[in-house]
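Let me begin by presenting the structure, written as structure tokens, before commenting on it.
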Amino acid sequence: MANFTSADVMKLREQTGVGMMDCKKALVEADGNFEAAVKILREKGMASAAKKQGRIASEGVVSSYIHMGGRIGVLVEVNCETDFVARSDAFLELVHDIAMQIAASKPEVVSIEDVDPAKVASEREILTVQAQNDPKPKPAAVIEKMVEGRIKKYYKEVCLLEQDFVKDPSKTIGTLINETVAKIGEKISVRRFVRYEVGEGLEKRENNFAQEIMEQVNQAK
């Protein structure tokens, strides 16, 4: 029998927003491993959200986020199915969080599907050569695994949906969206975004915007 307590079930419910019975089933399936249970629920949440992908999401909002006295600005379009949901607190909070994420983490595209395949192929080739040139020779299977791990890391850097949420790194932006989908029962999609930074491309001091944004969030609590 899986080794977990009712407290574990409650903790899993609080972290994921999923019902008690589903949390219990996930813990049973994961043999009591909490992180594995979280992963199972996220995967099921994604599957649930995927069922809604065929729906038309033509409502929503274009929202702006201005940070650091006007030094960074973001415009993002997030769609849902109805105007009612587009005006709801849960949806607007999600949009705000997404805009803040874009300001802090500088994604280049929305999803993995939006990444230029030629760019990924080039990145894969470079990483493979780097691994092959390592002073300590490695089997081809190990090199392939290393390269795939680095490609995943690359996706987390450039794809909005793959990035860890700056306000809660235990979940990705994709997971955050799926949790909101489960809450409101409508399809939600990020259509497009643009990020502006004063002096971008010019030489200037390095700033840790993610840290500064988190400090502002903590001060507001």
Side-chain angles (χ1 to χ4, degrees), residues 14-17 38-39 41-43 45-46 48-50 52-53 57 59-80 85-116 119-120 151-184 186-201 204 206-221:
E14 291 173 359
Q15 181 168 324
T16 64
V38 171
K39 183 178 179 181
L41 288 174
R42 286 179 176 173
E43 289 174 346
M46 290 178 187
S48 175
K52 297 180 174 63
Q53 291 307 305
E59 296 294 337
V61 297
V62 173
S63 183
S64 63
Y65 178 83
I66 306 298
H67 179 63
M68 311 238 344
R71 283 196 286 149
I72 297 177
V74 171
L75 281 174
V76 59
E77 178 181 352
V78 184
N79 299 124
C80 57
V85 164
R87 291 182 280 108
S88 68
D89 290 340
F91 182 79
L92 294 175
E93 180 181 355
L94 172 67
V95 175
H96 175 78
D97 284 340
I98 290 173
M100 180 184 291
Q101 177 76 27
I102 296 167
S105 299
K106 301 176 69 172
E108 297 176 11
V109 296
V110 174
S111 67
I112 291 175
E113 290 74 22
D114 298 322
V115 179
D116 183 354
K119 193 171 183 178
V120 176
I151 288 294
K152 287 182 180 179
K153 183 178 179 181
Y154 170 72
Y155 283 144
K156 287 184 74 70
E157 291 173 355
V158 303
C159 303
L160 172 65
L161 300 185
E162 303 300 314
Q163 290 184 341
D164 293 333
F165 182 28
V166 292
K167 290 170 65 175
D168 182 359
S170 70
K171 65 180 72 174
T172 65
I173 293 298
T175 299
L176 178 68
I177 291 173
N178 287 327
E179 288 176 353
T180 308
V181 169
K183 184 187 300 183
I184 68 175
E186 283 194 10
K187 174 183 176 181
I188 296 174
S189 60
V190 180
R191 186 183 178 201
R192 53 188 170 176
F193 65 83
V194 62
R195 180 186 186 276
Y196 296 102
E197 182 178 330
V198 172
E200 190 168 21
K204 59 183 185 297
E206 189 68 25
N207 294 291
N208 189 334
F209 294 121
Q211 181 179 340
E212 292 173 1
I213 287 174
M214 283 309 303
E215 289 174 355
Q216 288 189 0
V217 171
N218 292 332
Q219 290 173 3
K221 290 181 179 178

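Side chains included, hydrogens not; waters and symmetry mates left out as well; all remaining heavy atoms used. Model, not experiment: these values are computed from the prediction.
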- Task: Verify whether one side chain among Asp114 and Ser111 offers a donor that lies under 3.5 Å from an acceptor in the other.
- Result: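 There is such a pair (donor and acceptor under 3.5 Å, judged by atom type) between the side chains of Asp114 and Ser111.
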Under the 3.5 angstrom rule, does the side chain of [X] hit a backbone N or O of [Y] as a donor-acceptor pair?
X: Gln101; Y: Val166; value: yes
X: Lys156; Y: Glu162; value: yes
X: Glu186; Y: Ala86; value: no
X: Arg195; Y: Val74; value: no

If you define the side chain from C-beta out and look only at heavy atoms, does anything of [X] sit under 4.5 Å from [Y]?
X: Glu179; Y: Thr175; value: yes
X: Ile188; Y: Asn79; value: no
X: Pro107; Y: Phe193; value: yes
X: Ile102; Y: Val76; value: yes
X: Tyr155; Y: Val120; value: yes

- Query: Minimum heavy-atom separation for Ser63 to Val95, with atom names?
  - Reply: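 Where Ser63 meets Val95 most closely, the heavy atoms are CB-CG1, 3.4 Å.
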- Message: For Phe91 versus Cys80, what's the shortest heavy-atom pair and its separation?
- Response: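 Answer, listing the atom of Phe91 first, then Cys80: CE1-CB, 3.7 Å.
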- Note: Asp97-Lys167 ion pair, threshold 4.0 Å (strictly below):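 Between Lys167 and Asp97 there is a salt bridge, with a charged N closer than 4.0 Å to a carboxylate O.
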- Query: Does Asp89 CG have over 12 foreign heavy atoms under 6.0 Å away?
  - Reply: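 Incorrect, the count does not exceed 12.
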Distance in Å, [X] [atom1] paired with [Y] [atom2], rounded so as to fall on 0.5 Å steps:
X: Phe165; Y: Ile173; atom1: CZ; atom2: CD1; value: 5.5 Å
X: Glu93; Y: Leu176; atom1: CD; atom2: CG; value: 8.5 Å
X: Ser189; Y: Glu77; atom1: OG; atom2: CD; value: 8.0 Å
X: Ile72; Y: Lys106; atom1: CD1; atom2: NZ; value: 8.0 Å
X: Glu108; Y: Leu160; atom1: CD; atom2: CG; value: 12.0 Å
X: Lys183; Y: Leu94; atom1: NZ; atom2: CG; value: 9.0 Å

